[in-house]
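Report on one structure; see the data block that follows.
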Amino acid sequence: MRVSHRRTTVRCLTALAVSLVALTGCSSESEGQASATAPVASTTSSATSDESVPTTAPGGGADPDGTSSSAGAAPWAGTKQFVQIDDARTGDGRTYLSVRPAQKKAHAQFEAWVIVPGEGPYTEVRMAEDAKVLLSVPLGDGKHASSYSQAEFVSRLTAQSSSARSLLGYDLSFDGEGRVTRLQSLYTS
């Protein structure tokens, strides 16, 4: 009986080892981007009240002027990030956001998030023309996220005071060129 358990255990461990080797081999660098400079994506959609969801700065850090420290690479290209937005503007038919990484924690008593402000400079990113904007309270009209135009988002955000903006957080999705393709505000009570 013991021999059959050992064989089963050895087979399971062998399958696990082969799977890990295969997954490690699949995550090789592509298109000349070094994995050391690639930002870590924040993709957790829910968290317990004790855990926070960290994000990283673009390219592993930013210069004092807010530009990416890795030359030629778009900040956060191909990732999802949780950020604060200090300002939004439109120009030349495009929408630009001034963003900074932040953290979110699940509220201990309510179905809402607590935003932990980030530190450091803001980075300006451009929204894709067809970017989806989903807003909930306090920027949107309801508790559940609804779709809004980019222009309406800019007007609603800029109508908020700077102290109110610092309490808001957003999940952003970026395309391979570093443009925002999806913006969703987090419900805060």
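For reference, positions follow the sequence shown, starting with 1.
With sequence neighbours left out, the side chain to side chain donor-acceptor pair (under 3.5 Å) criterion links Arg89 to Glu124. Every residue meeting the salt bridge (Lys or Arg N to Asp or Glu O under 4.0 Å) condition with Glu152, not counting sequence neighbours, appears here in chain and number order: Arg156. Listed by chain and residue number, nothing satisfies the salt bridge (Lys or Arg N to Asp or Glu O under 4.0 Å) test with Arg126 (two or more places apart in sequence, or in another chain). For the side chain to side chain contact (heavy atoms under 4.5 Å, CB included) test, residues two or more places apart in sequence or in another chain that qualify with Ala164 are Gln160, Ser161. By the side chain to side chain contact (heavy atoms under 4.5 Å, CB included) test, Glu177 is found to be paired with Asp175, Arg179, residues two or more places apart in sequence or in another chain being considered. Not counting sequence neighbours, the partners of Thr90 by the side chain to side chain contact (heavy atoms under 4.5 Å, CB included) test are Thr95, Val154.
Between Leu172 and Trp76 the shortest side-chain heavy-atom distance does not fall below 4.5 Å. Side-chain contact between Ser146 and Asp141: absent, with no pair of heavy atoms (C-beta onward) separated by less than 4.5 Å. Here the side chains of Leu97 and Tyr170 are not in contact, with every heavy-atom distance at 4.5 Å or above. Counting heavy atoms from C-beta on, the side chains of Ser185 and Phe153 never come closer than 4.5 Å.
Here the closest heavy-atom approach between residue Pro117 and residue Ser166 is recorded as CG-O, 4.3 Å. Nearest heavy atom pair, residue Ala77 against residue Gly176, reads CB-O, 3.3 Å. Residues Asp87 and Leu157 share a closest heavy-atom pair of C-CD2, 4.0 Å.
Checked by atom type and distance alone, the side chain of Thr181 pairs as donor or acceptor with a backbone atom of Ser173 at under 3.5 Å. Between the Arg165 side chain and the Ile85 main chain, no donor and acceptor come within less than 3.5 Å of each other. Listed for the Gln184 side chain is no donor-acceptor partner under 3.5 Å among the backbone atoms of Asp171.
Annotation: the span from Ser98 atom OG to Gln84 atom CD amounts to 10.5 Å, rounded to 0.5 Å. Rounded to the nearest 0.5 Å, atoms CZ (Arg94) and CE (Met127) are 13.5 Å apart. Remark: Tyr148 OH to Lys132 NZ distance equals 13.5 Å, nearest 0.5 Å. Taking CG of Leu134 as the reference point, atom OG of Ser147 lies at 5.5 Å (rounded to 0.5 Å).
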Worksheet entry | Residue pair Ile115, Leu167: steps toward the side-chain contact (heavy atoms from CB on, under 4.5 Å) verdict | CA-CA 6 Å; Ile115 311 306; Leu167 301 174; 5.9 Å; no
Fill in: Asp86/Arg100 under side-chain contact (heavy atoms from CB on, under 4.5 Å): CA gap, chis, key distance, verdict
CA-CA 8 Å; Asp86 181 54; Arg100 172 173 66 189; over 6 Å; no
